[in-house]
Amino acid sequence: MRIGGGSYRSRTLRTPKGDLTRPTSGMVRETLFNMLAPLLPEASFLDLFAGCGSVGLEALSRGAASATFVESARPALDCLRANIETLGVAGQTSVLPYPVLRALEQLTQQGESFDIIFLDPPFHDSSAYQQVLDALAPVEVLAPDGLIIAQHGPRVKVPEQCPPFTRYRQRDIGDNVLSFYRRVAK
């Protein structure tokens with residue numbers, strides 16, 4: 001797997017062996033970051049269920065100011081840390097080695113806020129999308145004008161509404177779908 005664009009373009013990333021982690025494909029990342037291009041410069045990026053970190057590291061490569069990674073699976077976490085070291089971006093990153101809901105609690109307690117939140121739970125865990133959106137709803141982890149992007153399979157049902165968030169865009173990319181959420185104006 002390689003970074004597709006930006007300052008780290010073509011740099012190789014380590015991925016865990018086996019099929020427990022499903023890294024986001026280059027085609028999905030390319031489409032995602034072409035769509036996010038105007039929002040990325042100086043953005044803070046939260047990569048939930050980060051795996052080897054390919055999405056958050058691509059965000060940094062394309063101009064994000066910082067990336068926070070949440071990953072609890074040991075093999076993926078080891079690859080993520082190695083990729084951060086290889087790219088020399090430790091100063092722009094933080095890694096939370098916890099389950100996502102626990103990490104969101106910690107980020108809330110620390111008063112952290114992110115411009116872009118990306119979530120890509122295992123496709124077999126369709127309840128994770130609702131759980132994460134529900135966990136984000138009452139807190140300020142998402143910046144006021146920020147957005148949430150959920151990557152999922154075409155058969156996975158993600159909510160259209162999860163107050164205060166609403167899905168405003170959906171993009172099919174092969175066997176993947178990107179759903180974009182933002183806060184509904186009060």
Side-chain angles (χ1 to χ4, degrees), residues 1-17 19-73 75-97 100 103 107 112-123 128-129 132 141-143 145-153 158 169-182:
M1 169 163 292
R2 296 183 183 277
I3 299 283
S7 57
Y8 305 117
R9 180 186 180 107
S10 298
R11 298 282 299 270
T12 302
L13 298 176
R14 285 183 52 190
T15 58
K17 294 184 184 339
D19 59 357
L20 292 177
T21 303
R22 178 191 37 79
T24 301
S25 75
M27 181 173 65
V28 172
R29 284 184 286 123
E30 184 69 25
T31 301
L32 171 65
F33 287 108
N34 285 341
M35 295 170 77
L36 293 179
L39 305 174
L40 274 176
E42 298 305 309
S44 55
F45 197 94
L46 176 59
D47 190 351
L48 301 175
F49 306 96
C52 69
S54 63
V55 175
L57 293 169
E58 183 101 23
L60 289 173
S61 181
R62 293 175 183 248
S66 65
T68 297
F69 301 90
V70 176
E71 178 55 60
S72 61
L77 192 55
D78 292 343
C79 289
L80 169 60
R81 288 181 170 143
N83 290 334
I84 289 169
E85 184 177 325
T86 298
L87 294 177
V89 294
Q92 294 174 271
T93 63
S94 61
V95 177
L96 299 175
V100 166
L107 292 168
E112 296 285 341
S113 179
F114 298 90
D115 300 306
I116 301 168
I117 299 176
F118 181 81
L119 63 128
D120 180 17
F123 278 8
Y129 299 94
V132 171
V141 174
L142 181 66
D145 293 329
L147 63 105
I148 300 168
I149 304 137
Q151 179 182 346
H152 54 92
V158 296
R169 185 174 194 180
Q170 202 165 6
R171 178 75 185 267
D172 295 346
I173 308 158
D175 289 339
N176 292 274
V177 179
L178 296 174
S179 289
F180 293 78
Y181 294 86
R182 62 178 155 212

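This chain uses plain numbering: 1 for the first residue, then up along the sequence. Side-chain atoms are counted along with the backbone in the values below, which use heavy atoms only and exclude waters and symmetry mates.
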Please work out which of the three classes, parallel, tilted or perpendicular, describes the rings of His152 and Tyr129, given edges at 30° and 60°. perpendicular
Listed partners of Ser66 passing side-chain hydrogen bond (donor to acceptor under 3.5 Å, both in side chains), at least two apart: none
Test of understanding: with side-chain hydrogen bond (donor to acceptor under 3.5 Å, both in side chains), list the residues that count as partners of Ser25, not counting sequence neighbours. none
To the closest 0.5 Å, what do you measure between [atom1] ([X]) and [atom2] ([Y])?
X	Y	atom1	atom2	value
Arg171	Leu178	CZ	CG	8.5 Å
Ile84	Leu57	CD1	CG	6.0 Å
Asn176	Asp120	CG	CG	7.5 Å
Met35	Ile173	CE	CD1	7.0 Å
Leu147	Leu39	CG	CG	6.0 Å

Any heavy-atom pair between the side chains of [Y] and [X] that's under 4.5 Å?
X	Y	answer
Val158	Tyr181	yes
Phe45	Leu60	no
Thr24	Gln151	yes
Leu46	Leu107	yes

Testing the basics here: between [X] and [Y], what is the closest heavy-atom pair and its distance to 0.1 Å?
X	Y	answer
Pro121	Leu119	CD-C, 3.6 Å
Leu40	Ala59	CD2-CB, 4.2 Å
Gln92	Ala64	NE2-O, 3.8 Å
Val55	Phe33	O-CZ, 3.3 Å
Phe180	Leu36	CE2-CD2, 4.5 Å
Cys79	Pro16	SG-N, 3.4 Å

From Thr68, Leu142, Ile148, residue fulfilling side chain to side chain contact (heavy atoms under 4.5 Å, CB included) relative to Phe114: Thr68
Which residue pairs pass the side-chain hydrogen bond (donor to acceptor under 3.5 Å, both in side chains) test with at least one member in residues 38-60, sequence neighbours excluded? Arg29-Glu58, Ser44-Asp115, Glu58-Arg62
Please collect all side-chain hydrogen bond (donor to acceptor under 3.5 Å, both in side chains) contacts where either partner lies in residues 5-16, sequence neighbours excluded, each pair once. Arg2-Thr12
What verdict does the side chain to side chain contact (heavy atoms under 4.5 Å, CB included) test give for Leu13 and Leu87, after you've listed the backbone C-alpha separation in whole Å, the side-chain angles of each residue and the deciding distance to 0.1 Å? CA-CA 9 Å; Leu13 298 176; Leu87 294 177; 4.2 Å; yes
Enumerate the salt bridge (charged side-chain N to carboxylate O under 4.0 Å, His left out) contacts for residues 76-97, please, sequence neighbours excluded, ordered by first and then second residue. Arg74-Asp78
Can a donor-acceptor pair be found, under 3.5 Å and without considering hydrogens, that links the side chain of Thr31 to the backbone of Met27? yes
Within the side chain of Ser61, is there an N or O that forms a donor-acceptor pair under 3.5 Å with the backbone of Gly5? yes
